[in-house]
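Quick note on labels: first sequence line is chain A, next is B, and so on, each numbered from 1.
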Amino acid sequence: MVSLPIVQYEEKIIETVERNPVVVVIGETGSGKSTQLSQMIHRRGYGKIAVTQPRRVAAVSVARRVAHELGVQLGEEVGYAIRFEDRTSHNTRIKYLTDGVLLRESLANPELKEYSVIILDEAHERSLNTDILMGLMKRLVKVRSSDLKVLITSATLDGDKVSKFFADCPVLNIPGKLYPVEVLYSSERPSSYLESSLKTALDIHLHQPEGDVLIFMTGQDDIEKLVSKLEDKVRALEEGSCMDAIILPLHGSLPPELQMRVFSRPPPNCRRIIVATNIAETSLTVDGVVYVIDCGYVKQRQYNPSSGMYSLDVVQISKVQANQRAGRAGRTRPGKCYRLYPSRFYNDEFLDVTVPEIQRSSLAGSVLYLKSLDLPDIDILRFDFLDPPSSESLQDALKQLYLIDAIDENGAITSIGQKMAELPLEPSLARTLMEAKNYGCLSEALIVAAMLSVETTLLPGQRKTEKKRKHSISNLPDGSGLGDHIQLLQIYHCWDQTDFDIGWCKDNGLQVRGMLFVKDVHKQLSQIMQKISKGPLDVKANGKREEFRQNYRNLRKALCVGYANQLAERKMHHNGYRTLGFQAQVVQVHPSSVLSLDDLGKFPDYVVYHELIATPRPFMRNVCAVEMRWVIPIINKLKTLDVYKLSGSIHHVEEEPEKNLQDLPKKDVEVTSTADDRESRIQAARERFLARKDKK
DNA sequence: GAGCACTGC
């Protein structure tokens, strides 16, 4: 503890905080900022301190450590609050919380009067929530100029930018406690970073002293290939010619027990080679790593507001990320980082910092949140973000919110919208719940919303257990042909009938952790709905299956209202769809869907979809059949939409061309096209589809 | 008939 570098800066830090409402702290890895800053401030007798973290585990573990250091019981003077878990009491002076929780608190109490000091930790990661909080803090220090202190911790490369954002506030540099890491560059970019990683790893294993190797790859696919190649090569080495090696994959879709393997120490005289995704960059820290191999790429999800589509692209990492990866080699002793790219790439091509999430996501939820705060001095299109999203992206959000009745034609939040903002859900699902209440199918809608909140994590370890899964999945319900939302509802009902038996999940290939999370979300949503409607509601999940069946129709009606911004119409003579948005997209039903064909081999005329994903062909993921008569009012509403009115008629789009979009690497974002372009692309897609059809 | 970086309320 004594050896933490930050300790000797205590006087300087306190002095700066006393004189300034906002202070930026550049704290390198190992500086102790997450545990010490709050304690220093606490010692000086400031009031209650909030420290945000972007991750749940971090909030819990840091709170635990601070409580231990202060010799108090966790939940008393020091506590934490994450979703589903509040371990604080009226005694709590230092509270660690996820940034999402602080945003929720700010919804109930926009001035956050409870806190005298707010520390936004890890702000350089630029999560969507942290960015919104930074914008809110900028306003809050003006409103509460006399009794609020804000500290923001950031990375070397953008400290000045954050300082500038907060009226040139002071920046304090706290060195970290990392050992030196020697950075070695390749002379050129390899044609295959997989082969290049393989070669480099073997080279290290044969010629470098002991110490574990951490290889950063982009995804599960590459990791599995590299792991198997490494295993082959290591096995082929002559016994006794070098030390042993064990190869470990590490990525998010690995079951937890396999992830844990990287935390157990290897046997003596054995080197570990860990092949990981970005999960090892910030989320998981592997001890014993001395050598890092960095391919220079990362897989990133991006939203394109002009098409309403998400894509998952392999993009170049930023300098901040490259440095973070290199730092993983210097935690226990001096290390080496092998960058599989030349230094001029790092210097000239890499962005300084990662493109913030706010510029890569659909903003419907965030805009609704900000509108619901009802801050008199805030105009949504002019909201002061550290890095503003494009006006195109904000307008996309406004249009979506208008279609689902969250804002009116003038862009003002409606009473429905106000209630929607209370729900920790994306706006479409929040709207579905509001409507389901009217149609008497709230209990069903709550389940669908909860299931979709964790949907991606439900089906585990696909590829390897494929055979097993195909066998077992046949035991699961099929959505009665009506689509994936209904299937998710049915799956939950089946689980309910087993009294939430964990064994049943395992038998059916459902991820246990995911399903338990669904249960928690379901409980939370039910409580909030009860609070919103100010009265008892029938939200019970159990009941007879026959009753549920009758309710599918009402549920689909509610989904149609909730997903008014995510509707698609089948094209006349085949099973392709055209989205009914502002910019029609030609899309297909994702092959994983359980939506069934009718006797003539056709899909339903109209569907709602949960998400459009370009992979690289455009698909609708999670679809549900709806009826034309429910769709017509929405089409009429679409016709009356006036985007200038929505965004407050004073501002015009042309003022700010898509500056921020153009800042992104070119190949990753389809720059908005002209109408002609779009037509020809649709035509091309049509032809491709017909050509495929002919082949059959 | 195809494919899943990582978080979070």
Visitor: Looking only at side chains, do A:Gln487 and A:Tyr492 share a donor and an acceptor under 3.5 Å apart?
Guide: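 No - no donor-acceptor pair under 3.5 Å links their side chains.
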
Visitor: Please classify B:dC4 as syn or anti, treating any glycosidic angle within 90° of 0 as syn.
Guide: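 Glycosidic conformation of B:dC4: syn.
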
Visitor: A:Leu423 has an atom CG; how far is it from atom P of B:dG8, in whole Å?
Guide: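 That distance rounds to 20 Å.
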
Visitor: Given atom CG of A:Asp313 and atom P of B:dG3, what is their separation to the nearest angstrom?
Guide: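 It works out to 13 Å between those atoms.
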
Visitor: Check whether any side-chain N or O of A:Ser592 sits under 4.0 Å from OP1 or OP2 of B:dG3, and answer yes or no.
Guide: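 Negative; the distance criterion is not met.
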
Visitor: Rounded to whole angstrom units, what separation is found between the CD atom of A:Glu357 and the P atom of B:dC9?
Guide: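 Nearest whole value for this atom pair: 13 Å.
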
Visitor: Calculate the interatomic distance between A:Gln324 atom CD and B:dC6 atom C1'; express it in whole Å.
Guide: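 In whole Å, B:dC6 C1' and A:Gln324 CD are 13 Å from each other.
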
Visitor: Rounded to the nearest Å, what distance is computed from the CZ atom of residue A:Phe517 to the P atom of nucleotide B:dT7?
Guide: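 Those two atoms, CZ and P, are 12 Å apart.
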
Visitor: Grab the CG-C1' distance between A:Asn278 and B:dC4 for me, whole Å please.
Guide: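 In whole Å, B:dC4 C1' and A:Asn278 CG are 15 Å from each other.
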
Visitor: Are A:Arg617 and B:dA2 close enough that a side-chain N or O sits under 4.0 Å from OP1 or OP2?
Guide: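 Yes, because at least one side-chain N or O of A:Arg617 sits under 4.0 Å from OP1 or OP2 of B:dA2.
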
Visitor: Within the 3.5 Å criterion, strictly below it, is a donor on A:Asp99 or A:Ser127 matched to an acceptor on the partner's side chain?
Guide: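 Side-chain D/A pair, A:Asp99 to A:Ser127: present.
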
Visitor: Without decimals, in angstroms, what is the distance between A:Arg126 CZ and B:dG8 C1'?
Guide: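 That distance rounds to 17 Å.
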
Visitor: Within the 4.0 Å heavy-atom criterion, would you say A:Phe619 contacts the bases, only the backbone, or no part of the nucleic acid?
Guide: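 Since only primed, P, OP1 and OP2 atoms lie under 4.0 Å of A:Phe619, the category is sugar-phosphate.
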
Visitor: Of A:Lys319, A:Arg328, A:Arg325, which meets salt bridge (Lys or Arg N to Asp or Glu O under 4.0 Å) against A:Asp294?
Guide: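 Answer to the salt bridge (Lys or Arg N to Asp or Glu O under 4.0 Å) test with A:Asp294 among A:Lys319, A:Arg328, A:Arg325: A:Arg325.
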
Visitor: Looking at A:Tyr193 versus A:Tyr297, is the centre-to-centre ring distance below 6.0 Å?
Guide: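 They qualify: ring centres under 6.0 Å apart.
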
Visitor: By nearest atom, which of the nucleotides B:dG1, B:dC6, B:dC9 is closest to the A:Pro591 side chain?
Guide: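 Out of B:dG1, B:dC6, B:dC9, the nucleotide with an atom closest to A:Pro591's side chain is B:dG1.
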
Visitor: What pairs of donor and acceptor atoms, side-chain ones from residues 361-370 of chain A against any protein atom, are under 3.5 angstrom apart with sequence neighbours left out?
Guide:
from     : atom 1 : to       : atom 2 : distance (Å)
A:Ser361 : OG     : A:Glu357 : O      : 2.7
A:Tyr369 : OH     : A:Leu103 : O      : 2.6
A:Tyr369 : OH     : A:Ser106 : OG     : 3.2

Visitor: Whole Å only: how far is the CZ atom of A:Arg513 from the C1' atom of B:dT7?
Guide: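 A:Arg513 atom CZ is separated from B:dT7 atom C1' by 13 Å.
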
Visitor: Report the residue (A:Pro424 or A:Thr277) whose heavy-atom-nearest nucleotide on DNA chain B is the more 5′ of the two.
Guide: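 Of the two residues, A:Thr277 wins.
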
Visitor: Ignoring the backbone of A:Arg55, work out which of B:dA2, B:dG8, B:dC6 is nearest its side chain.
Guide: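 Comparing B:dA2, B:dG8, B:dC6 against the side chain of A:Arg55, the answer is B:dG8.
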
Visitor: Would you say a side-chain N or O of A:Thr98 is under 4.0 Å from OP1 or OP2 of B:dC9?
Guide: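 Looking at the OP1 and OP2 atoms of B:dC9, one of them is under 4.0 Å from a side-chain N or O of A:Thr98.
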
Visitor: Name the closest nucleotide to the A:Ser283 side chain, picking from B:dC4, B:dC9, B:dC6.
Guide: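 Nearest to the side chain of A:Ser283 among the choices is B:dC6.
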
Visitor: On the ring face of A:Tyr563, is A:Arg431 found with NZ or CZ under 6.0 Å from the centre and within 45° of the axis?
Guide: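 No, cation not above the ring by the 6.0 Å, 45° rule.
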
Visitor: Between A:Asp121 and A:Gln53, do the side chains contain a donor N or O and an acceptor N or O under 3.5 Å apart?
Guide: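 Yes.
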
Visitor: Taking DNA chain B as the partner, which of residues 99-106 of chain A come within under 4.0 angstrom of it by heavy atom?
Guide: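 By residue number: A:Gly100, A:Val101, A:Arg104.
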
